[in-house]
There are 2 protein chains.
Amino acid sequence: MRTAAEMTELYRQKGLKITPQRQCIFGILEANTTHPTADAIYESALETMPSISRKTVYTVLHELNELGELLTLDVGTGSLRFDPNVERHHHTVCRKCGSVGDVRGIDTARVRMPASEQVGFEVEETEVIFRGICKLCRPKGRKS
Amino acid sequence: MRTAAEMTELYRQKGLKITPQRQCIFGILEANTTHPTADAIYESALETMPSISRKTVYTVLHELNELGELLTLDVGTGSLRFDPNVERHHHTVCRKCGSVGDVRGIDTARVRMPASEQVGFEVEETEVIFRGICKLCRPKGRKS
DNA sequence: ATACTAACTAACAACAAATGTCAGTTTACA
DNA sequence: TGTAAACTGACATTTGTTGTTAGTTAGTAT
């Protein structure tokens, strides 16, 4: 996602109104690397805007998704997560706490399907998920 | 998962009863490569055993999962899928129909996290999902 | 400044997936 | 054949998400 200021400009161009609710959500998502769930974003928005409704949050998130400024991500932890980083990248998922991290710099061009498998399947994207234990959930005092 | 016959033997060893319901589900899963959802398995079971309850199906699936004979798989299509293939392998997901296919023979040892990313994350498994269009959903007459 | 209308709120309903409850019944197997 | 395990069935619950509706607010163009 672009910066909150750029998003404001984009919305203006699209003829969408610049409301405090939308700006609040822009702010929460800007540079957010925690891959929050919709509900986490709602909770976060409540802090600065106690009157915001859950419905509005969902609506704005879907707007952003359709504008291509926000990716949705399902890593199997129960709920959808939103990722403002729309560049191609991959993820880590902690099997203890469910936290999700970004992993850039993987060249998936080298991850090829063997020709014998899935004949006729047209690959558009290759997604890699590293599952394991995150730094915080690792037993202390060990260096792996 | 092993064959239905082997599963029967395993259950016997564990002191679990060999019920027609369990055997029915063994049969459905045996050599099943469609990655069915719990509900698809339930529907399928109803055909040969109209009295089976949804609860039983869920219970047996979780039993099998705990015995390590059945993997659960969440590829972001809404519901859990079950995979009797417990060998390490990867998946294709069709973005049109949601169908899931197996992909064997990928060497994930070469898919390494760059050292600069996610310091301290202990990778246990590397999961690859190829997203795209399956053979059946591809427009006909084209050879990609 | 005003009017138009998009956007928002609020409370509730609905949905799907999964799981829990629990009383009563069946049944696999020792 | 007895008995504990397993199953049924109907219903409730939970979680995440979306839809509804009606009334209110407020951004923006004029």
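A, B, ... follow the sequence lines: proteins, then strands. Residue 1 opens every chain. No hydrogens, no waters, no symmetry mates; every other heavy atom, side chains included, goes into these values. For clarity, every value in this text was computed on a predicted model and none was experimentally measured.
- Mapping heavy-atom proximity under 4.0 Å, the span of DNA chain D touched by chain A runs 5' to 3' from dG16(D) to dT28(D).
- Using a 4.5 Å cut-off between side-chain heavy atoms of Ile, Leu, Val, Met, Phe, Trp and Tyr, with links allowed through other members, Val93(B) and Leu71(A) fall into different hydrophobic clusters.
- Partner of His90(A) under the side chain to side chain contact (heavy atoms under 4.5 Å, CB included) criterion, chosen from Asp102(A), Thr108(A), Ile129(A): Thr108(A).
- In this structure, Val119(B) shares a hydrophobic cluster with no other residue, the cluster being traced through Ile, Leu, Val, Met, Phe, Trp and Tyr side chains under 4.5 angstrom apart.
- One side chain, His89(A) or Asp83(A), offers a donor N or O that lies under 3.5 Å from an acceptor on the other.
- With axes fitted over five pairs at each extremity, the angle between the ends of the helix from dA1(C)-dT30(D) to dA30(C)-dT1(D) is 40° (10° resolution).
- Hydrophobic clustering of Ile, Leu, Val, Met, Phe, Trp and Tyr side chains at less than 4.5 Å, counting indirect connections, keeps Leu136(B) apart from Ile133(B).
- For the residue pair Asp39(B) / Thr37(B), no side-chain donor-acceptor distance below 3.5 Å is found, with atom types taken as modelled.
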Could you pull out every donor-acceptor pair under 3.5 Å between side chains of residues 4-18 of chain B and any protein atom, sequence neighbours left out?
from	atom 1	to	atom 2	distance (Å)
Glu6(B)	OE1	Thr3(B)	N	3.1
Glu6(B)	OE1	Thr3(B)	OG1	3.4
Thr8(B)	OG1	Ala4(B)	O	2.9
Thr8(B)	OG1	Gln23(B)	NE2	3.4
Tyr11(B)	OH	Glu63(B)	OE1	2.5

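- Thr59(B) and Thr56(B) are not linked by any side-chain donor-acceptor pair at a separation below 3.5 angstrom, with hydrogens and angles left out of the test.
- One finds no salt bridge joining Arg104(B) and Glu87(B) here, because no Lys/Arg side-chain nitrogen approaches an Asp/Glu carboxylate oxygen to under 4.0 Å.
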Considering only nitrogen or oxygen atoms on both sides, find all protein atoms under 3.5 Å from nucleotides 26-30 of chain C and state each distance.
from	atom 1	to	atom 2	distance (Å)
dC29(C)	OP1	Ile18(B)	N	3.0

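- Listed in residue order, the members of residues 39-66 of chain B having a heavy atom less than 4.0 Å from DNA chain C are Lys55(B), Tyr58(B), His62(B).
- Applying salt bridge (charged side-chain N to carboxylate O under 4.0 Å, His left out) to Glu124(A) and the options Arg131(B), Arg95(B), Lys96(B) leaves one that passes, Arg95(B).
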Test Val128(B) against Thr126(A) for side-chain contact (heavy atoms from CB on, under 4.5 Å), laying out the working first. CA-CA 7 Å; Val128(B) 179; Thr126(A) 303; 3.8 Å; yes
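- Contact of the His35(A) side chain with the Phe82(A) side chain is not registered, since no non-hydrogen atoms from C-beta on lie closer than 4.5 Å.
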